[in-house]
There are 2 protein chains.
Amino acid sequence: MPRVSRPSSDLPPGQASAPTLDEVASRAGVSRATASRAINGGDRVSATARAAVEAAVRELGYTPNPAARSLVTRRTDSVALVVPEPDERVFSDPFFVHTLRGVNRMLAARDLQLVLLLARPGDERRLLRYLGSRHVDGAIVVSHHRDDQLADHLAALALPCAFIGRPWTSADRVAYVDTDNVAGGRAATELLIERGCRRIATIAGPGDMAAGIDRLKGWRAALRAAHLADDLVGHGDFTEHGGEMAARQLLERAPDLDGIVAASDLMAAGALRALADAGRVVPDDVAVIGYDDVGVPGRTTPPLTTVRNPIGEMAEQAVRLLLEQINDQRGPRPMRVIFPPALVRRDSA
Amino acid sequence: MPRVSRPSSDLPPGQASAPTLDEVASRAGVSRATASRAINGGDRVSATARAAVEAAVRELGYTPNPAARSLVTRRTDSVALVVPEPDERVFSDPFFVHTLRGVNRMLAARDLQLVLLLARPGDERRLLRYLGSRHVDGAIVVSHHRDDQLADHLAALALPCAFIGRPWTSADRVAYVDTDNVAGGRAATELLIERGCRRIATIAGPGDMAAGIDRLKGWRAALRAAHLADDLVGHGDFTEHGGEMAARQLLERAPDLDGIVAASDLMAAGALRALADAGRVVPDDVAVIGYDDVGVPGRTTPPLTTVRNPIGEMAEQAVRLLLEQINDQRGPRPMRVIFPPALVRRDSA
DNA sequence: CCGTCCAGTGGGAGCGCTCCCATCACTGGC
DNA sequence: GCCAGTGATGGGAGCGCTCCCACTGGACGG
């Protein structure tokens with residue numbers, strides 16, 4: 001191998017070892033303790049000392065070593081976002097994407113870093129090992145399914161955590177935020193009933209997610225209360241394609257249907273497409289209502305009437321619940337915040 | 001506030017302070033140094049000692065403190081994935097999603113953790129501060145645009161990094177992987193020409209991303225070589241909706257067009273929809289070819305002929321380039337790997 | 001039988017930081 | 001004029017780990 005000539009130096013070129021607090025302190029003419037206080041915004045520091053330290057920090061380009069800091073503070077200032085989702089579907093779901101962005105924004109505002117933990121089914125051991133070794137101060141879990149027993153495991157680890165969407169198990173042991181999906185499904189259905197629909201189908205979500213089941217339950221409750229039939233249940237996987245397929249089948253089974261309650265906007269958009277193909281006019285022939293009110297509804301033809309999920313506020317609350325557990329020495333404990341859903345009327349119903 | 005009775009103990013219940021290496025060592029009857037060697041798989045440890053340490057680890061549920069470890073090793077065993085993307089579009093693009101998953105998988109296989117850095121335009125300072133404080137061992141950057149001068153900044157930080165997609169600036173100072181997008185655009189266009197198309201349009205990608213520009217360049221080169229007109233340029237934003245709009249406009253401008261080269265599969269899918277609406281048969285009336293070959297092409301009607309981007313291999317190589325810089329003490333340096341694109345023939349052309 | 005070697009081991013330093021506590025110079029009240 | 005009180009400071013311990021280095025004892029060759 002050819003020898004490359006380079007300036008002989010103990011330090012790698014351009015990568016001088018980072019300045020330490022000691023260097024900052026001595027440059028500022030104060031002790032390490034004072035420098036630390038000045039940097040961390042503590043009081044009990046004279047204006048003179050603080051100014052000197054700040055100048056030294058700037059001149060040296062000092063940046064605290066996070067490992068050393070967290071060794072003593074026992075804080076890492078980072079939070080895991082756990083996504084126990086085997087396939088990439090989550091990323092194409094605006095609900096998830098907006099949740100991710102909301103959580104990220106909230107954390108950034110508090111100078112916390114988000115660590116993304118994508119866990120495929122086999123990876124649970126790795127996941128739990130990571131969380132167990134206190135790499136992060138806490139975890140936020142989204143899009144969990146019946147079969148991962150994540151809530152159980154996290155409760156056992158005693159790691160502060162917050163679920164977005166009610167966990168299947170240990171719902172009384174961990175903190176979570178959610179919306180009232182039964183009420184939402186019910187409200188959506190009642191809207192169609194009020195508008196005169198009598199043959200109302202639903203395109204339900206996956207059977208292993210709480211949100212899907214609850215919205216279906218609400219749909220059913222509204223129909224029964226109005227003495228209408230609740231036999232028209234199609235199933236989708238929260239994708240546009242799934243919604244389209246389900247709508248086609250429903251149309252075949254019940255050509256007389258005049259209303260569709262979809263468990264997500266994406267599925268409602270698919271249904272809209274199937275209806276257009278079948279020559280049905282929305283909302284005159286068939287009224288359609290979606291769920292979530294994010295990303296999709298404004299772009300469909302016609303614009304989608306939907307049930308609004310306050311995603312931003314949910315993400316905010318989840319972070320808040322998490323931080324409360326992290327900061328209070330009482331540690332992890334169950335807390336919950338349930339948001340009411342809200343109807344958003346546009347043109348499809 | 002009601003007082004809650006609880007067993008008086010110095011330790012929070014269920015949250016005894018984590019066992020340290022010292023405790024493991026004394027339980028195993030060896031020194032801390034030997035325990036460390038046994039745990040880290042070093043040799044120079046007798047079978048007896050190793051077994052004793054492993055037993056102690058298991059009994060105590062010991063897990064090394066990452067902060068303490070990285071304080072001395074100067075490694076954090078985590079890597080940042082930087083996404084300097086202002087809006088959520090990235091997440092709906094299968095290309096990005098698969099890249100994310102590929103990178104995550106590669107890192108997980110090496111026991112490295114992925115830290116997601118979503119940077120909105122204003123956040124650059126925060127981003128650079130984070131990267132500069134050596135929170136992570138290196139960074140992988142995707143979906144960067146002309147205006148973020150990320151490559152310049154990272155080169156200045158001397159932090160190991162790898163770009164996916166050629167950076168706009170400092171391309172000779174940082175490592176990156178890419179595919180030959182000019183060749184791909186050219187090959188796609190030549191396929192249409194061979195098949196007999198004579199009036200070939202393109203739906204180009206954003207003008208501030210290298211991939212979009214290069215594919216357009218390839219399209220143009222192929223047409224010129226065949227002495228065909230290269231005036232039919234539509235613009236999309238890599239989304240399905242954008243592709244549909246662009247295709248509509250192109251059809252209006254040139255009703256006689258008989259081929260469309262789209263710069264992404266998502267845009268090709270949109271074009272397919274526009275063509276169907278216009279009553280054109282694909283590929284008989286109009287041949288369509290996409291780009292990327294991930295997620296979309298199998299699901300369209302008809303299935304999409306496309307140019308394959310080896311996303312998995314690109315992610316793999318990016319991680320490899322990064323690790324090479326991290327592990328070799330030579331530090332960050334420019335390296336590049338360019339993949340050849342490959343045509344994948346299905347039914348749309 | 002003694003020196004040499006080496007696998008195996010433990011002592012101890014030190015990574016860069018925070019925070020407890022002792023110290024010190026001042027101030028103001030009696 | 002002295003002492004308690006107060007704000008600012010620095011010394012030093014210690015967080016949990018890795019790794020350098022010195023040490024040990026048994027195997028082995030001369």
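Letters go in sequence order (proteins before strands), and every chain restarts at 1.
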- Rounded to whole angstrom units, what separation is found between the CD1 atom of B:Ile39 and the C1' atom of D:dC17? 10 Å
- Presence of B:Ser36 side-chain N/O under 4.0 Å of D:dC19 phosphate oxygens OP1/OP2: no
- Query: Can you find a donor-acceptor pair, distance only, under 3.5 Å between A:Arg44 side chain and D:dT9 base?
  - Reply: no
- Assign each of A:Pro64 and B:Val45 to its nearest nucleotide of DNA chain C by heavy atoms, then name whichever residue's nucleotide is nearer the 5' end. B:Val45
- Note on the structure: The nucleotide from C:dC20, D:dT18, D:dC17 with an atom nearest the side chain of A:Arg37 is C:dC20
- Task: Answer yes if the side chains of A:Asn65 and B:Arg74 hold a donor-acceptor pair under 3.5 Å, and no otherwise.
- Result: no
- Task: Return the value, rounded to whole Å, for the distance between atom CZ of B:Arg75 and atom C1' of D:dT18.
- Result: 14 Å
- Message: Strictly below 4.0 Å: does A:Ser46 bring a side-chain N or O up to OP1 or OP2 of D:dG7?
- Response: no
- Does a side-chain N-to-carboxylate-O contact under 4.0 Å join B:Arg69 and B:Asp77? no
- Answer yes when A:Asp328 and A:Arg333 have at least one side-chain N-carboxylate O distance shorter than 4.0 Å, and no when they do not. yes
- Message: Please report the distance, rounded to the nearest Å, between CG in A:Asn40 and P in C:dG16.
- Response: 17 Å
- Message: Expressed as a whole number of angstroms, how long is the span from B:Leu71:CG to D:dG16:P?
- Response: 12 Å
- Item | Euclidean distance, atom CG of residue A:Asn65 to atom P of C:dG14 [Å, nearest integer] | 18 Å
Side chains of residues 155-168 of chain B: which donor-acceptor pairs under 3.5 Å do they make with residues two or more places apart or in other chains?
from	atom 1	to	atom 2	distance (Å)
B:Arg166	NH2	B:Asp214	OD1	3.2
B:Arg166	NH2	B:Asp214	OD2	2.4
B:Trp168	NE1	B:Asp208	O	3.2

- Carboxylate-amine/guanidinium contact B:Arg320 B:Glu316, below 4.0 Å: yes
- Query: Which part of the nucleic acid, if any, lies within contact of A:Arg69, taking any heavy atom under 4.0 Å across all strands shown: a base, the sugar-phosphate backbone alone, or nothing?
  - Reply: sugar-phosphate
- Query: In whole angstroms, how far is the P atom of C:dG14 from the CG atom of A:Asp22?
  - Reply: 13 Å
- Phosphate oxygens OP1/OP2 of D:dG10: is one of them under 4.0 Å from a side-chain N or O of A:Thr34? yes
- When we call it a touch if two heavy atoms are under 4.0 Å apart, what does B:Ala67 touch: a base, just sugar-phosphate, or nothing? nothing
- Rounded off to whole Å, could you give me the CZ-to-P distance for the A:Arg74 and D:dC17 pair? 10 Å
- Of B:Arg32 and A:Thr48, whose closest DNA chain D nucleotide lies nearer the 5' terminus? A:Thr48
- Message: Does C:dG10 have OP1 or OP2 under 4.0 Å away from a side-chain N or O of B:Ser31?
- Response: yes
- Task: Can you tell me the distance, in whole Å, between the CD atom of B:Glu23 and the C1' atom of D:dC15?
- Result: 13 Å
- Item | Minimum-distance nucleotide (side-chain atoms of B:Ala33 versus D:dC19, D:dC17, C:dT9) | D:dC19
- With the side chain of B:Thr73 defined as its heavy atoms from C-beta on, choose the nearest nucleotide among C:dG11, D:dC19, C:dC17. D:dC19
- Answer yes if the side chains of B:Ser70 and B:Thr73 hold a donor-acceptor pair under 3.5 Å, and no otherwise. no
- Task: Please figure out whether B:Val72 or B:Arg50 has its closest DNA chain C nucleotide nearer the 5' end.
- Result: B:Arg50
